[in-house]
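Beneath this line is the structure, given in structure tokens, with notes to follow.
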Number of protein chains: 2
Amino acid sequence: MRKTILLYALLLALLIFLLKVLEYKFFVRDLSLEFYIGVVALLFTGLGIWVGLKLTRKRNPMPPPAVGSFVPNESALQQIGISPREYEVLEGMAQGFSNQEIADKLFLSINTVKTHTSNLFTKLDARRRTQAIQKAKALGLIP
Amino acid sequence: MRKTILLYALLLALLIFLLKVLEYKFFVRDLSLEFYIGVVALLFTGLGIWVGLKLTRKRNPMPPPAVGSFVPNESALQQIGISPREYEVLEGMAQGFSNQEIADKLFLSINTVKTHTSNLFTKLDARRRTQAIQKAKALGLIP
DNA sequence: ATCAGAATCATACTTTTGGGTGAAAGCATT
DNA sequence: AATGCTTTCACCCAAAAGTATGATTCTGAT
């Protein structure tokens, strides 16, 4: 979060700096207003989308299993108390990804993924990821 | 979220204010450009966030799969060249056992199990046991 | 306003896995 | 007997996984 804001501030500063430089170097002031507004609008729309995504954690999920979608057993999920984010990690695990790969996919640090996996192991009463996968399958949590 | 946006606004205001101060110290220029940039940036950041949220709000699970009894795909097994012993190790892996546990079950040393797993990874083109399990399942080698 | 839960990340440490190499013994088949 | 395949085991090293603990931030509910 702090990082995000810092990055935002940095980008903003950079943008304004660039505009300033352009302004001083080429005197493009006359035809500039609409141009500036356009550029700034575009940039900040993109930035806003990025920030929105970052903030609301609605990231792109794992690559889907090739055939036939699957309906997880919601009641079992809730009974065990597996959170949405944990479930995403579980999916990655079951698809054979390493913690690092899952972290990359979900835009997390590997430490966070480890935390999620640890919690999953506790909730699923497993000691290894393979065991967790096996149990999750048995419970109809994953395909 | 609210705090974040407020912070953005604050940072933006601060930045522009600083720019203004700097500007006044050297050249006295037209004020409107930065003002416009600020306004447009804010507006479009908000817009971007809104769009981002709009775009990521979607949920659409689909129909359930079918389940059947399992018969290992012998032809695939032979094609890949998985030996009987390797298959036993694969089964143990898929059931969530550690190498040590598999070794105990099959009365082997852990080293032997490791050799088998290594060979399995090569044959299944996998880097992790979870991946091997996933691939073996996809090939109909295991349930 | 407080409080519980998610979710995020870190650091330090231990255990398990995985990769590479080598090698011995048993077995079928040629 | 020589060949090839399987099975067995060892050792070393590196990478990944797992454990424990603590902390921060944000959200939703009370």
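These numbers come from a predicted model, not from an experiment. Every chain is numbered from 1, with letters handed out A, B, ... down the list of sequences.
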From [atom1] of [X] over to [atom2] of [N], roughly how many Å is that when rounded to an integer?
X      : N      : atom1 : atom2 : answer
B:E86  : D:dT6  : CD    : C1'   : 8 Å
B:D125 : C:dG19 : CG    : P     : 11 Å
B:I82  : D:dC5  : CD1   : P     : 17 Å
B:R128 : D:dA17 : CZ    : P     : 6 Å
B:L106 : D:dC9  : CG    : P     : 11 Å
A:L124 : D:dA17 : CG    : P     : 17 Å
A:N99  : D:dA15 : CG    : P     : 16 Å
B:I102 : C:dT16 : CD1   : C1'   : 12 Å

Nearest to the [X] side chain among [options], which nucleotide is it?
X      : options               : value
B:F121 : C:dT17, C:dG18, D:dT7 : C:dG18
B:T112 : C:dC9, D:dC9, C:dG19  : D:dC9
B:N111 : D:dT7, C:dG18, D:dA10 : D:dA10
A:L108 : D:dT8, D:dG18, C:dC9  : C:dC9
B:R127 : C:dG19, C:dC9, D:dT19 : C:dG19
A:T115 : D:dT19, C:dT16, C:dC9 : C:dC9

With respect to the phosphate group of [N], does any side-chain polar atom (N or O) of [X] fall under 4.0 Å of OP1 or OP2?
X      : N      : value
B:H116 : D:dT7  : no
B:R129 : C:dG18 : yes
B:R85  : D:dT8  : yes

Show the numbers, then the answer: is there a side chain to side chain contact (heavy atoms under 4.5 Å, CB included) between A:Q100 and A:K105?
CA-CA 9 Å; A:Q100 185 58 64; A:K105 265 174 218 295; over 6 Å; no
CA sep, side-chain torsions, deciding dist, call: B:I133, B:I142, side chain to side chain contact (heavy atoms under 4.5 Å, CB included)
CA-CA 8 Å; B:I133 293 166; B:I142 50 177; 4.2 Å; yes
Might you work through the side chain to side chain contact (heavy atoms under 4.5 Å, CB included) test for B:L120 and B:Y87, ending with a clear yes or no?
CA-CA 8 Å; B:L120 279 168; B:Y87 186 76; over 6 Å; no
Checking A:D125 against A:R127 for the salt bridge (charged side-chain N to carboxylate O under 4.0 Å, His left out) test, could you report, in this order, the C-alpha distance in whole Å, the side-chain angles of both residues, the deciding distance, and whether it holds?
CA-CA 7 Å; A:D125 190 27; A:R127 267 148 222 88; 3.7 Å; yes
Closest-nucleotide ordering on DNA chain D, the 5'-leading residue of B:S83 and A:S98
B:S83
Full working for side chain to side chain contact (heavy atoms under 4.5 Å, CB included) between A:K123 and A:E86
CA-CA 10 Å; A:K123 289 172 183 176; A:E86 282 164 359; 2.7 Å; yes
What does A:S109 touch in the nucleic acid at a heavy-atom separation under 4.0 angstrom: a base, only the sugar-phosphate, or nothing?
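Sugar-phosphate contact only - A:S109 comes under 4.0 Å of backbone atoms but never of a base.
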